[in-house]
Amino acid sequence: HVGGARTALFNWLFARHTGGTLVLRIEDTDRERSTEAHTQVILDGLGWLGLDWDEGPIFQGTFAERHRADALRLLAEGKAYRDYLTPEELTSAREAASAAKENFRFDRERLALPVDELARREAARAPYTVRFAMPDAEIAWDDAVHGRISWQGRDLDDFIILRSDGSAIYNLAVVSDDAAMAITHVIRGDDHISNTPKQIALYRGLGFDVPIFAHVPVILGQDGKKLSKRHGATAIGDYQDMGILPAAMRNFLALLGWSPGNDDEILPEPELIARFALEQIQSKPAVFDPTKLEWMNGQYLSALPADELVGPVLRELKRLGCTVSREAAEPIIEVVKARARTVTMVAEAVRLRLPGVEIVRDPKGDALTAKMGERFSKNLALAHENLDPIPEEGWRATELEHDLLALAEARGLKLGDLMQPIRVALTGGTVSEPVHELLAVVGREESLKRIAAAMKD
RNA sequence: GGCCCCAUCGUCUAUCGGUUAGGACGCGACCCUUUCAAGGUCGAGAGACGGGUUCGAUUCCCGUUGGGGCUACCA
């Protein structure tokens, strides 16, 4: 989704800026929830965004043995202990605490089993989890985006590091892997801040170097709540489908929570890489604004040469069930792209300018015909009458413009009253490139046909 | 509830103690003697509140309020 994509982008920009090595690690320690389809979505999203990595994808599950060994070492060194409490006992302890309006926190003294009971369960080889013995000390770090963050060990649980089936929990797996992979910088979502002190305690307990952390704030929906499904398009594939260009998406996402430090907004990839810095990441959450994304996409669209746009547009056209040649599409794209905000809009505009397409009038087109009444078909007839004699060779934008201007002047017509009906006849709507260009792009025969058809309305 | 994070126009942001608080999206007006969702010009629009520190606070400190996150044998 969008938040994950931005986090990935920040990691990528940081790695490329510093010349570091970007590692893609799929954290799949929860075997029930992670599926191949899941990771494929992630890989597709990164690929579309144009983000690559230097190592991986590495699947965390591969290293289950090492995770376990690290946990066992903690156990052997007395920094962790076995907990024979059953899930049921734990839940009831939790419920009792909440009934008494107390804060529940796993307390190794209070929840300790009586010695004989402990001995009994040990002897019976009862299942147990392994808990990390959280030291009662301050745990602090200098976060690259938030500055110093500090926690008290006593506010933290003796959290589980090994499940009763012997598998490692996320927090341990991450620390074990970070050390094994010599990770220097961890750039991740804000929602991991509360995991960080636990992980730091683990790094220390295991004798590992603690990496530098940068916690980037979450992305919010328009209502100020964390961006989620109910906000509509949140998957990055959704934006691909909407006709957003990867470059525009990158640029937009980069600016969501990060700033180059001045007013620059259109920042192509090399610029993004050159200027990216963790220190410029905003510490407050940002609201995702789809309208601004579309604006930015429009900027990229207008700046992109038609021949580079033709590929994506043709793909979109194909999806609409419409096959066109590059040669036919390119000149249309050229004339239409400045006004569009998405590839989808460009494709639709191209389709509308192809021969034999049924023209359906949109609400604004309808409003115009209603407003003009009789004059609508009258002016169309006039246009047809004057356009019809123009030979194929003369059917070019500059000549057409000249002819139309002359016609309007000769008849004392306001330009809009002559042009706008033609535009509606040709596209069904009231928005397009200048009418003479539109006529040229649609072509003589098709244009005259559409005008004639609209005259009857 | 506890712990942690956060707070400049509606939104994204600039400002690293001294500015008429700047830009962008969106919005409004006007211009481009042809529409426009293109382009141009202009306009409305912000430092949550209360205390300090300081010659001077949007900026530093504390509190209040308001948001958000975490509080699992999830990641």
Side-chain angles (χ1 to χ4, degrees), chain A residues 27-30 32-34 60 83 85-87 90-91 94 97-98 101-106 127-131 143 145-147 149-152 154-157 159-171 173-174 188-198 215 217-218 220 222 224-226 252 255-266 279-280 282-296 298 302 336-341 345 364 368 401 404-405 408 414-424 427 429-436 438:
Chain A
E27 302 185 332
D28 57 349
T29 28
D30 185 5
E32 258 110 77
R33 282 206 317 199
S34 50
Q60 195 155 52
D83 172 21
L85 245 35
T86 64
L90 218 40
T91 326
R94 225 175 243 122
S98 96
K101 295 214 187 298
E102 282 170 20
N103 292 315
F104 180 82
R105 178 186 159 276
F106 190 89
Y128 61 86
T129 59
V130 174
R131 285 184 185 269
D143 196 277
V145 350
H146 292 279
I149 299 180
S150 94
W151 294 66
Q152 294 302 323
R154 79 182 86 90
D155 292 325
L156 270 6
D157 258 349
F159 59 98
I160 291 175
I161 54 178
L162 237 41
R163 299 184 180 93
S164 54
D165 68 0
S167 65
I169 244 45
Y170 168 76
N171 277 320
V174 164
R188 62 186 5 175
D190 234 350
D191 47 344
H192 283 285
I193 287 184
S194 53
N195 280 323
T196 307
K198 298 181 189 175
H215 287 97
V218 291
L220 270 21
Q222 305 261 267
K225 303 266 188 263
K226 193 173 172 181
F252 177 76
L255 255 30
L256 201 57
W258 172 79
S259 141
N262 67 1
D263 293 337
D264 296 344
E265 295 218 86
I266 302 295
E279 295 67 34
Q280 291 286 344
Q282 198 78 14
S283 49
K284 70 162 181 183
V287 174
F288 186 84
D289 180 5
T291 310
K292 187 155 184 177
L293 204 212
E294 286 197 5
W295 166 79
M296 183 160 288
S302 314
V336 124
K337 69 186 173 83
R339 233 162 287 256
R341 268 150 108 97
M345 285 169 76
K364 282 191 176 171
L368 185 89
E401 181 180 25
L404 257 9
L405 285 171
K414 284 206 303 198
L415 239 16
D417 283 350
L418 177 62
M419 303 296 192
Q420 207 57 337
I422 302 178
R423 187 169 351 242
V424 171
T427 66
T430 56
V431 177
S432 84
E433 64 273 34
V435 168
H436 55 275
L438 175 63

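Residue numbers start from 1 in every chain, and the chains themselves are labelled A, B, ... in the order their sequence lines are given, proteins ahead of strands. The figures here come from the full heavy-atom set of this structure, side chains too, leaving out hydrogens, waters and symmetry mates.
A:D263 contributes a side-chain N or O that forms a donor-acceptor pair with the base of B:G22 under 3.5 Å. Contact annotation: side chain of A:S164 to base of B:C73, donor-acceptor pair present below 3.5 Å. Residue-to-nucleotide contacts include no donor-acceptor pair under 3.5 Å from the side chain of A:D28 to the base of B:A75.
In this structure, of B:U13, B:G68, B:C6, it is B:U13 that holds the atom nearest to the side chain of A:Q282. Set against B:A14, B:C70, B:C25, the side chain of A:K292 has B:C25 as its closest nucleotide. Across B:G68, B:A24, B:C73, the shortest atom-to-atom separation from the side chain of A:L90 is found for B:C73. The side chain of A:K226 lies closest to B:G69 when the candidates are B:G69, B:U34, B:A75. In this structure, the nucleotide among B:C73, B:G26, B:C70 sitting nearest to the side chain of A:R163 is B:C73. Nearest to the side-chain atoms of A:P87 among the listed nucleotides B:A75, B:U34, B:C73 stands B:C73. Set against B:A75, B:C4, B:C73, the side chain of A:W151 has B:C4 as its closest nucleotide.
Across all strands shown, nothing is found opposite B:G45 as a Watson-Crick or G-U wobble partner with both distances under 3.5 Å. Using Watson-Crick or G-U wobble geometry with both donor-acceptor distances under 3.5 Å, B:U54 finds no partner in any strand shown. Partner assigned to B:U33 is none, using Watson-Crick or G-U wobble distances below 3.5 angstrom. Of the nucleotides present, B:U11 is the one that pairs with B:A24 by Watson-Crick or G-U wobble criteria, both distances under 3.5 Å. Base pairing annotation: B:C70 forms a Watson-Crick or G-U wobble pair with B:G2, both donor-acceptor distances under 3.5 Å.
The two atoms that bring A:A408 and A:L418 nearest to each other are CB-CD2, 3.9 Å, heavy atoms only. Heavy-atom minimum distance, A:L368 versus A:P421: CD2-N, 4.2 Å.
Distances shorter than 4.0 Å separate some side-chain N or O of A:R341 from OP1 or OP2 on B:G26. Contact annotation: A:H146 side-chain N/O to B:C6 OP1/OP2 distance is under 4.0 Å. OP1 or OP2 of B:U8 lies within a sub-4.0 Å distance of a side-chain N or O belonging to A:K284. Between A:R154 and B:G2 there is no side-chain N or O to OP1 or OP2 distance below 4.0 Å. In terms of phosphate contacts, A:R188 brings no side-chain nitrogen or oxygen within less than 4.0 Å of OP1 or OP2 of B:G69. At B:C73, none of the side-chain N or O atoms of A:S167 fall inside 4.0 Å of OP1 or OP2 (strictly under the cut-off). A:T291 has no side-chain polar atom (N or O) that falls below the 4.0 Å cut-off from OP1 or OP2 of B:G26.
A:I422 CD1 to A:S432 OG: the interatomic distance, rounded to the nearest 0.5 Å, is 10.5 Å. Note that CD1 of A:I169 and CZ of A:F159 are 10.0 Å apart. Values are rounded to the nearest 0.5 Å.
Nearest-nucleotide assignment on RNA chain B puts the 5′-proximal partner with A:G147, out of A:G147 and A:F104.
A:E294 is linked by a side-chain hydrogen bond (donor to acceptor under 3.5 Å, both in side chains) to nothing, counting only residues two or more places apart in sequence or in another chain.
Across the P atoms, B:C4 and B:C9 are found 27 Å apart, a figure rounded to whole Å. For B:A7 and B:U64, the C1' atoms lie 13 Å apart once the distance is rounded to whole Å. Look at the P atom in both B:U41 and B:U53: the space between them is 47 Å, to the nearest Å.
Stacking of A:H192 onto the six-membered ring of B:A75 is present: less than 5.5 angstrom between centres, less than 30° between planes.
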